[in-house]
2 protein chains.
Amino acid sequence: MVTIKEIAERAKVSRTTVSRVINNSGYVSEDAKKRVLKVIEDTGYVPNQYAKSLRTKSTKVIGVILPKISTETSSRLVKGLDEILAKEGYQILLTITNLDPNKEIEYLKLLKSRNVDGIILSATNINEVLIEEIHQGEVPFVTVGQHIAGLANVLFDDYRASRDMVSLFVEKGHKKIAFIGVDEQDHSVGYLRKQGYLKGLEEYGLTAEDKWIQKGKFDVESGYESMKSIMEDAKQKPSAVLAVTDRLAIGAIRYLNDIGLSVPNDIAVAGMGGSELSKYISPSLTTIDFSIEDAGREAAKLLLKQIDGSSCKDVIRLIDHRLLNHFSI
Amino acid sequence: MVTIKEIAERAKVSRTTVSRVINNSGYVSEDAKKRVLKVIEDTGYVPNQYAKSLRTKSTKVIGVILPKISTETSSRLVKGLDEILAKEGYQILLTITNLDPNKEIEYLKLLKSRNVDGIILSATNINEVLIEEIHQGEVPFVTVGQHIAGLANVLFDDYRASRDMVSLFVEKGHKKIAFIGVDEQDHSVGYLRKQGYLKGLEEYGLTAEDKWIQKGKFDVESGYESMKSIMEDAKQKPSAVLAVTDRLAIGAIRYLNDIGLSVPNDIAVAGMGGSELSKYISPSLTTIDFSIEDAGREAAKLLLKQIDGSSCKDVIRLIDHRLLNHFSI
DNA sequence: TTCTAATATGGAATCGATTCCATAGCAACA
DNA sequence: TGTTGCTATGGAATCGATTCCATATTAGAA
């Protein structure tokens, strides 16, 4: 591995001068500069970033903590992040927790020990220990998707999103709207989306039978089962169903098709999440697409701002969403 | 930021001893050890990785170069990589080229300057400059998806996969099999899959009209157009179509549906790639699922082997694939 | 001609770890 | 008692950069 010392010797200058050439700083004669550049070219020399970081503190690396990698959400987020960060010369150091809360803390420590210039956390479970670990350290920090007080947050407006979806149903003439949610422990998908649904009903003076409100997990099967419960147990059958994820919606559609009902003619189904799936199934699935790339870009910008010295305490950025395939209700 | 020096002072030992405690090496008395650990605990000290790497050379970081992040392939690959690497204490430094060949080279240099312990490249365009840049540097290296001579390669058996698909069609009684490919510049998807198709036909003594063999891009629309060309221009209509990606297949199905044909009753369609889509559209799409996570795991293992000192020159690992939804042809 | 300021360069300290080498205490053995 | 070997510890060099400070050269001003 060729070092600055070797470049200096070959170009017959001091290491100081080589450093000046590389960083375009201080006074260097044209002649010396030319010689140094020549040697660098010849040798294919690349400065050792660790030595550099050790001195300068800045590492040009951003740590990213993700719950999962093989989900559309994660990859779209990373895409948005990278768009902004790469442009500014930052690289992404990726860590994946696989939904293990202990790993969240472990990776947080690890990223600090690697002296990353900033950390972006797409959190799942927010707990005391995690928050404490975040606060001690003074590293620029942005969370995405879950709110943590006192930090910079990039959030999706889950509440409004499901209210919007209820509005759309009502516009299309639906009055009996069922709901397939998930556990409310999940603040965003479980709690907020349900609240938005309830609020939507309230705004239009609608009510729902208890049986219309079901709870599933994050998979297709539980969408199927939830829909089954609704159709079998409810006194009145709903004319529309809002599922909080696209997979749940697809499960629901499966069940409806299985019992010979046509979607959306007999009963309308909408999902949330804007998955790619939604446009390829037929008929395409009405859903809400959260602009996850935007969230990534926004998070990256907030982080860069903090790195530049601005304080972003208690900042909240709400990310837009839009309706996809609304014609298919 | 608390350093080893401060720990040493507080514990009334030398930095050497602190280092010994941290790394469990050399002789340290129980007493000294206890004091050091106490101080580390109290201060929340984490060793600076850059200083450490500067001395030891090892960085415990693996550079990964991807063409795109928001594709199923990329995220499944990263998942497989991370499964193995995280277990061994390695982190992933992610770079995304967005299909720009210049970036491939740029990032290669950058990863070297960051002294990563190894590099994994999911390459798109293999060119001279790139190969040269790879060879000079002596960093452990693995490519995924495209073959580069003299290196460790993890490859998918594209050739056999499309031959397998032809076999399946034949088994199901098809004799007139059309093909929607992509540009053969793309060695894996374009060239090999087409060759496999041709070989498959040959093996069963089948032939194809020229018009049955179309070329699209990587999107749904060109699948639609290609299918249209086949149906409008061919003298005989095929009874089956093999598309080299699932999206092309979906486009083809769209067109067939639009002209009132039923899939698979009137004409059978298969894709390749095993996208999630394939199981959620109805009827589900017959496709070939390459075990991309396996590829990731295999690549990681090959890299670790090289880091451990084994030479893996000219190694080729072929990754398995399997048929999905074969009942829907 | 002397002084000042801009230009050009290098020596040496520094960042925070690891590690080679020297030294010292102490027990066992001849 | 002297030698050997194990345990325990610290001093100082080292990794490869950056940067403060000192110094040398040269040009222009007084």
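Letters A, B, ... mirror the listed sequences (proteins, then strands); counts begin at 1.
Residues A/R297 and A/E293 are not paired through a salt bridge, judged by the lack of any N-O separation under 4.0 Å between the basic side chain and the carboxylate. Looking at A/K87 and A/E83, no side-chain N of the basic residue comes within less than 4.0 Å of a carboxylate O on the acidic one, giving no salt bridge. Between A/D31 and A/K34 there is no salt bridge, since no side-chain N of the basic residue sits under 4.0 Å from a carboxylate O of the acidic one.
Distance A/D31 CG to C/dT7 P: 17 Å, rounded to the nearest Å. Atoms NZ (B/K5) and C1' (D/dG11) sit 14 Å apart, rounded to a whole Å. One atom, NZ of A/K33, and another, C1' of C/dA8, lie 13 Å apart when rounded to the nearest Å. Taking atom CG on B/N24 and atom C1' on C/dT18, their separation rounds to 15 Å, with Å as the unit. Look at CD on B/Q49: it is 13 Å from C1' on C/dT18, rounded to the nearest Å. Distance A/I40 CD1 to D/dA17 C1': 13 Å, rounded to the nearest Å.
When distances run from any side-chain atom of A/K52 to the nucleotides C/dT18, D/dA17, C/dG16, the shortest one goes to D/dA17. Out of C/dA17, D/dT9, C/dG16, the shortest distance to the side chain of B/R20 is found at D/dT9. In this structure, of D/dG16, C/dT19, C/dG10, it is D/dG16 that holds the atom nearest to the side chain of B/K57. With C/dT14, D/dA8, C/dA17 as the candidates, the nucleotide lying closest to the side chain of B/R55 is C/dA17.
Within the 4.0 angstrom heavy-atom criterion, only backbone atoms of the sugar-phosphate kind lie near B/S29; the bases stay farther away. Nucleic acid contact for B/T17: sugar-phosphate only, since backbone atoms but no base atoms lie under 4.0 Å from a heavy atom of the residue. Within 4.0 Å of B/T3, counting heavy atoms only, lie sugar-phosphate atoms of the nucleic acid but no base atom. Within 4.0 Å (heavy atoms only), A/V13 reaches sugar-phosphate atoms of the nucleic acid but no base atom.
Contact check, B/Y27 against D/dT7: a side-chain N or O comes under 4.0 Å of OP1 or OP2. OP1 or OP2 of D/dT18 sits under 4.0 Å from a side-chain N or O of A/S19. Checking the phosphate oxygens (OP1, OP2) of C/dC15, no side-chain nitrogen or oxygen of B/N48 falls inside 4.0 Å.
Annotation: of the two residues near DNA chain D, B/A51 and B/R35, the 5′-most nearest-nucleotide partner is B/R35. Between B/L54 and B/S14, it is B/S14 whose nearest contact on DNA chain D lies nearer the 5' terminus.
A donor and an acceptor atom never sit less than 3.5 Å apart when one is taken from the side chain of A/R15 and the other from the base of C/dG11. Between the side chain of A/T16 and the base of D/dT19 there is at least one donor-acceptor pair of N/O atoms closer than 3.5 Å.
A side chain to side chain contact (heavy atoms under 4.5 Å, CB included) with B/K33 is found for one member of B/V28, B/V13, B/T17 and no other, namely B/V28.
The closest donor-acceptor contact from the side chain of A/T43 to the backbone of A/V39 lies under 3.5 Å.
Annotation: the span from A/K60 atom NZ to A/K52 atom NZ amounts to 9.0 Å, rounded to 0.5 Å.
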